[in-house]
Amino acid sequence: MINYQHIQVEQFEKIGTIRLNRPKVLNALNRKMVHEIVNAFIEMDQDDDVKVIVLFGNGKAFAAGADIGEMAQNDAVDLELLNQFADWDHLALIKKPIIGAVHGFALGGGFELALVCDLLFAAEDAKFGFPEINLAVMPGAGGTQRLTKLMGKTKALEWLWSGEMMSVEEAVRFGIINKIFPKELVVEETIKYAKKLAEKPALSVRFIKEAVNKAIDYSLYEGMQYERKNFSLLFSSEDQKEGMRAFLEKRKPEFKGR
Ligand code: HXC
């Protein structure tokens, strides 16, 4: 695996881990760091040995937002010419499951990065929010869109306009996170979960992720057509043959991920 400046990447069996690593500034995301995160995701997405990707932060926080010192130097033309959001667009194209383990602050761009994850596990001390309004800006990497799709318009506006932080209990209630763990266990428990998911037939995992994401954008009819195509497509995989044969022969299947 490549050496990065602002993140650490590792692999444990079939699990690729990405740790945000600018702890002195609560993992504030500068552009180089976002570029590294995206590159690490792409690298793991293409690595046959990695089945599930786990994302978490070093130090006191997951990530306290985009790097305000860096952003403060830009005007609108800089932002347009930098095209920094192209990096964020890549994150939506990752095919493998991404599980976030959040502790401490997940704010602004840090919350947006958490919302890119397919599943989110959080420590009891995690706090989620979009404080951009207090800087007289707004989320720019999908925050208004993803939050609204998860919790609905009126609740999303309440959080985005107040800039306040949401507790883990609220985050569970609004469907933002899946599970809460004691702080010292959250990464361990997330990796344990990821290991179980990594044993499932990889093409089913992948197509289920794609179909669920389509449910967010498509009408029910279009989504069902999409689902059906992928259902049929799985019947040309070796794992489908093995899965059904193993059931009929009353034995455990051995999946190959193809
Ligand atoms: C740059 C940051 C930072 C950030 C924290 N730090 N957040 N630096 N950008 N987003 C730095 C602080 O300046 C400080 O550095 C160090 O991290 C520790 O932070 P403290 O403020 O001392 O910690 P604490 O008192 O515990 O307060 C934590 C906090 C506060 C409530 C999270 O740091 C905070 O409000 N941070 C900003 C949160 C925010 O507004 N995020 C949204 C950014 S806009 P020094 O050198 O003083 O020790 C955004 C837009 C996204 O994300 C657009 C798409 C990419």
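Just so it is clear, the structure is predicted and the values come from calculations on it, not from any experiment.
- The closest side-chain heavy-atom distance from Arg173 to Glu170 is below 4.5 Å.
- Around NE2 of His35, the count of heavy atoms belonging to other residues, nucleotides or ligands within 6.0 Å does not exceed 12.
- Nearest heavy atoms, Val168 versus Ile177: O-CD1, 3.6 Å.
- Side-chain N or O atoms of Asp118 include one that pairs as donor or acceptor with a backbone N or O of Ile98 at under 3.5 Å.
- In this structure, the ring of Phe56 has its center no less than 6.0 angstrom from the ring center of Phe62.
- Hydrophobic clustering (side-chain heavy atoms under 4.5 Å, transitive across Ile, Leu, Val, Met, Phe, Trp, Tyr) groups Ile7 together with Leu91.
- Not a single donor-acceptor pair under 3.5 Å links the side chain of Lys183 to the backbone N or O of Glu124.
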Stepwise side-chain contact (heavy atoms from CB on, under 4.5 Å) test for Met33 and Ile37: CA-CA 6 Å; Met33 185 170 176; Ile37 294 166; 4.2 Å; yes
Working for salt bridge (Lys or Arg N to Asp or Glu O under 4.0 Å), residues Lys195 and Glu13: CA-CA 8 Å; Lys195 282 185 179 166; Glu13 297 163 35; 3.8 Å; yes
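- Here the side chains of Met244 and Phe235 are in contact, with some heavy-atom distance below 4.5 Å.
- No option in Phe128, Phe105, Trp159 other than Phe128 meets the ring pair (Phe, Tyr, Trp, His ring centres under 6.0 Å) test with Phe111.
- The neighbour count for Glu184 CD, taken as heavy atoms of other residues, nucleotides or ligands under 6.0 Å away, is above 12.
- Looking only at distances, no side-chain donor or acceptor of Lys95 sits under 3.5 Å from a matching main-chain atom of Arg206.
- Sparse packing is recorded around NZ of Lys200, with 12 or fewer heavy atoms of other residues, nucleotides or ligands lying under 6.0 Å away.
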Salt bridge (Lys or Arg N to Asp or Glu O under 4.0 Å) assessment of Asp87 paired with Arg31: CA-CA 9 Å; Asp87 266 338; Arg31 288 187 197 103; over 6 Å; no
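- Heavy-atom neighbours of Glu80 CD from other residues, nucleotides or ligands within 6.0 Å: at or below the threshold of 12.
- In this structure, Glu222 contributes its side chain and Ser219 its backbone to a donor-acceptor pair below 3.5 Å.
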side-chain contact (heavy atoms from CB on, under 4.5 Å) assessment of Phe41 paired with His90: CA-CA 9 Å; Phe41 270 118; His90 280 295; over 6 Å; no
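- Tracing side-chain contacts under 4.5 Å through hydrophobic residues (I, L, V, M, F, W, Y), one reaches Tyr193 starting from Val187; they form part of the same cluster.
- Put simply, the side chain of Asn178 gets close to the backbone of Leu120: a donor and an acceptor are under 3.5 Å apart.
- Separation of atoms CG (Asp239) and OG (Ser204) is listed at 7.5 Å; rounding is to 0.5 Å.
- With hydrogens and angles disregarded, no donor-acceptor distance shorter than 3.5 Å links the side chain of Glu10 to the backbone of Thr17.
- A donor-acceptor pair is defined here as one N or O able to donate and one able to accept, closer than 3.5 Å; no such pair exists between the side chain of Asn21 and the backbone of Gln5.
- Taking each heavy atom of Gly108 and Pro131 in turn, the nearest pair found is N-CD, 3.6 Å.
- Looking only at distances, no side-chain donor or acceptor of Lys14 sits under 3.5 Å from a matching main-chain atom of Gln11.
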Full working for side chain to side chain donor-acceptor pair (under 3.5 Å) between Tyr226 and Glu210: CA-CA 9 Å; Tyr226 185 86; Glu210 280 182 15; 2.9 Å; yes
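- Looking only at side-chain heavy atoms (C-beta outward), Val54 and Ile18 stay at 4.5 Å or farther from each other.
- Once rounded to the nearest 0.5 Å, the distance linking CE of Met165 with CZ of Phe130 reads 12.5 Å.
- Within 6.0 Å of atom CZ in Phe247, 12 or fewer heavy atoms from other residues, nucleotides or ligands are found, so the atom counts as exposed in its surroundings.
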Worked check of side-chain contact (heavy atoms from CB on, under 4.5 Å) between Val172 and Ile176: CA-CA 6 Å; Val172 163; Ile176 306 286; over 6 Å; no
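- Between Leu197 and Val205 the shortest side-chain heavy-atom distance falls below 4.5 Å.
- Side chains of Val137 and Met71 form no contact here, defined as non-hydrogen atoms less than 4.5 Å apart.
- Leu160 is listed as a side-chain neighbour of Leu147, based on a closest heavy-atom distance under 4.5 Å.
- Judged purely by atom type and a 3.5 angstrom limit, Lys96 uses its side chain to pair as donor or acceptor with the backbone of Met44.
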Full working for side-chain contact (heavy atoms from CB on, under 4.5 Å) between Ile68 and Leu135: CA-CA 9 Å; Ile68 299 172; Leu135 301 168; 3.9 Å; yes
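- The backbone N or O of Arg258 sits nowhere less than 3.5 Å from a side-chain atom of Glu238 that would complete a donor-acceptor pair.
- Distance CD1/Ile94 to CD/Gln46: 8.5 Å, rounded to 0.5 Å.
- Distance check, rounded to the nearest 0.5 Å: OG1 of Thr144 to CD of Glu132 gives 10.0 Å.
- Within a 6.0 Å sphere centred on NZ of Lys241, heavy atoms belonging to other residues, nucleotides or ligands number more than 12.
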